[in-house]
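The structure appears right after this line, and notes come after that.
Proteins get letters first, then strands, A, B, ... in listed order; numbering begins at 1 in each. Side-chain atoms are counted along with the backbone in the values below, which use heavy atoms only and exclude waters and symmetry mates. Nothing here was measured: the structure is a model prediction, and the numbers come from that model.
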Amino acid sequence: MLEHLELFFKSIFIDNMVFATFLGMCSYLAVSKKVSTAVGLGAAVIFVLAITVPLNWLLDQYILQPGALSWMGPEYADYDLSFLSFIMFIATIATMVQLVEIVVEKFSPSLYNSLGIFLPLIAVNCAILGGSLFMQSREIETLGLATTYGVGSGIGWFLAILAIAAIREKIRYSNVPPALRGLGITFIITGLMAIGFMSFGGMLTGGDEETKEDTTVEVQVTPTDDNTELANNTKIEE
Amino acid sequence: MGLKNSLHNFREKNKDKKWLPAFSAIHTFLFLPNETTHNGTHIKAADDLKRTMNIVIMAMVPCLIFGMFNAGYQHHVAFGDIQQATGGFFSSEFWTMDNFMVGFWKVLPLVIVSYGVGLAIEILFAIKNSHEVEEGYLVTGMLVPLIIPIDTPLWMLAVAVAFGVVIGKEVFGGTGMNILNPALTIRAFLFFAYPTWMSGDKVWVQGAVARDKAIAAGENLDAISGETILGSLAQNKGAGYDVMDMFYGLIPGSVGETSTLIILIGAGILIFTKIGSWRIMLSSVLGALAMGLIFNFAVSSEWITESSKFYGLMSTTWWHHLLIGGFAFGTVFMATDPVTASQTNKGKWIYGFLVGFISIMIRVFNPAYPEGVMLAILLMNVFAPTIDHYVVQGNVKKRMKRLKVKTA
């Protein structure tokens, strides 16, 4: 329970999608002119992250990781399909977003209308793919933690876009220098907001950043149309 | 009479010159302008922007003077020239001319650089945008020397002030438009850009850093340590000062932040003149106390034991948090900034409570930043428009409901 809380808090404030990693900036900048639309998009992001991160966790755990395929039999134990992560994750996200859209349209037209174009747009929001990739690289251990991480990251992004939308509504009548109007001032505000969010940096980790180990397995893939050959080529060489 | 008229005539003569805003800034500083408004509705009130700013500065002057005495006092105590004052606030060892002069010659350059750089930038922008110089910087320029360590190099201060005024304020269109408190933006810039000069046990006593360098160069001297109470608590070393010293402010720290007593006088002035919001001050004190009680409870129910790195700060008696560090100063002078704080009354309560709550939380949980008030206020500045938005929306909804009941 405690680790869930810690991860939740961490993914909202410390590793905030926008202010710590600057992900999902395109929709963050484009859709933050009004609070109401920002809330809609933010809610959609929470929703999609909460679904795709655990799904991709399953995918990662049982298909993509080195040795993940061992459930199919001992002869598959040393396959490493992690080079497919990007494609698989994006495919999952796109499929899920489509599915969610269809389901929401069918069962709750009012929610569908309020989300509008944002739902399909989320498929190309890098915060969503980022959530899945961070989940992979930070080696989150259980499905429950992955869900917590997804929801937390979504809420962090939601808070960010909510705050900047409110600020942008507030400064609408400010006398901003003409050259900075629009995106320029929004970038500056984002930077200043990130200073505010730095108050949480280093919390829980005790001030020292964990050193991330980069384990890259070099894989050579020769284009073939035979799947078994492809799989053979991707065996880890020991 | 002669000077006033000739200045006025000079102003009339140069009406279309580019540098006129610079002149009228000084002009209106000395005299009220001769012109009056001609048409439209008038509101006659004494509290224009300049007077508001002046009252805030007056509320800060006691802090400044006390800070000068304290800077000299800490310097002399750390160097072993005098004993620690035993008589508390009124002890004769503290209020000596010697103490004052040491502090005076260190603090005065900080004030001059802060005002010089800040006002120069303000005037440049005023000339460029051809509007009058705005008075907003008067308070910021006074706040900045009060919230930085006394040994901060002047060039760093100048760089930080330039950053804070340009990025923190002028790009938004000047006074009254900024998102974050400019003084805190300046301090945050210093804090993140030059961390070695902004925290640690050397920077709070004048001369300690220089002494360190001398020792490193091979001189046979005793090292000076002027750890703040927060710093030593964070290392589980105990406070080292008694409560009355904390309250009176005879402790190491930034120039103006140490004396809770003097800050209370300032708070009184601000509340009496209705310039500072008592709602924000009260609610942030409540927030801090709430967080302090939670931590005390965690210690007394033995979730946190002495081996924990949080023990020192968590076991601090709940109301001591108000006395140590910059909490009092930040709450009274910076959280109440009318531009960056929440503007609705209900919003002020929420905003203030969260400022207090989060600042104690950062203080305890974040070993990298023993001083949480600065970052807590900056964070809540970011969320203040959001709070306002929802308070306003709530009011709109309530009135719509009332309207429906009436018309139905």
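- Of the atoms belonging to B:Asp388, not a single heavy atom falls under 4.5 Å from chain A.
- Residues passing the salt bridge (Lys or Arg N to Asp or Glu O under 4.0 Å) test with A:Asp15 are A:Arg138, sequence neighbours excluded.
- Between atom CE of residue A:Met193 and atom CG of residue B:Asn381 there is a gap of 11.5 Å, rounded to the nearest 0.5 Å.
- Summarising the local packing, OH of A:Tyr62 is surrounded by 12 or fewer heavy atoms from other residues, nucleotides or ligands at distances under 6.0 Å.
- Across A:Ala165, A:Gly196, A:Gly191, A:Ala179, the residue that shares the most heavy-atom pairs under 4.5 angstrom with chain B is A:Gly196.
- Across all non-hydrogen atoms, the minimal contact from A:Ser174 to B:Phe172 is CB-O, 3.3 Å.
- Other residues, nucleotides and ligands contribute more than 12 heavy atoms inside 6.0 Å of the OH atom of B:Tyr194.
- Sparse packing is recorded around CZ of B:Arg399, with 12 or fewer heavy atoms of other residues, nucleotides or ligands lying under 6.0 Å away.
- Evaluation of the side-chain contact (heavy atoms from CB on, under 4.5 Å) rule for A:Asn175 yields A:Arg181 as partners, not counting sequence neighbours.
- Residue contact with chain A, scored on non-hydrogen atoms closer than 4.5 Å, involves the backbone and the side chain of B:Ile167 alike.
- Among A:Val35, A:Ile164, A:Leu159, A:Ile189, the residue with the largest count of heavy-atom pairs under 4.5 Å with chain B is A:Val35.
- Using a 4.5 Å cut-off between heavy atoms, B:Gln393 makes no contact with chain A at all.
- The parts of A:Ile195 that come within reach of chain B are both its backbone and its side chain, each placing non-hydrogen atoms under 4.5 angstrom from that chain.
- The contact between B:Tyr390 and chain A is made entirely by side chain atoms (from C-beta outward), counting heavy-atom distances below 4.5 Å.
- With a 4.5 angstrom heavy-atom cutoff, B:Phe125 does not touch chain A via any of its atoms.
- For A:Ile188, the part lying under 4.5 angstrom from a heavy atom of chain B is the side chain only.
- What you find for A:Lys170 and B:Val339 is that their closest heavy atoms are NZ-O, 3.2 Å.
- Counting heavy-atom pairs closer than 4.5 Å to chain B, the top-ranked of the candidates A:Ile167, A:Ile171, A:Leu180 is A:Ile167.
- Each of B:Leu378, B:Asn178, B:Leu379 has some count of heavy-atom pairs under 4.5 Å with chain A, and the biggest count is that of B:Leu379.
- Considering every non-hydrogen atom in both B:Pro385 and A:Ala166, the closest pair reads C-CB, 3.6 Å.
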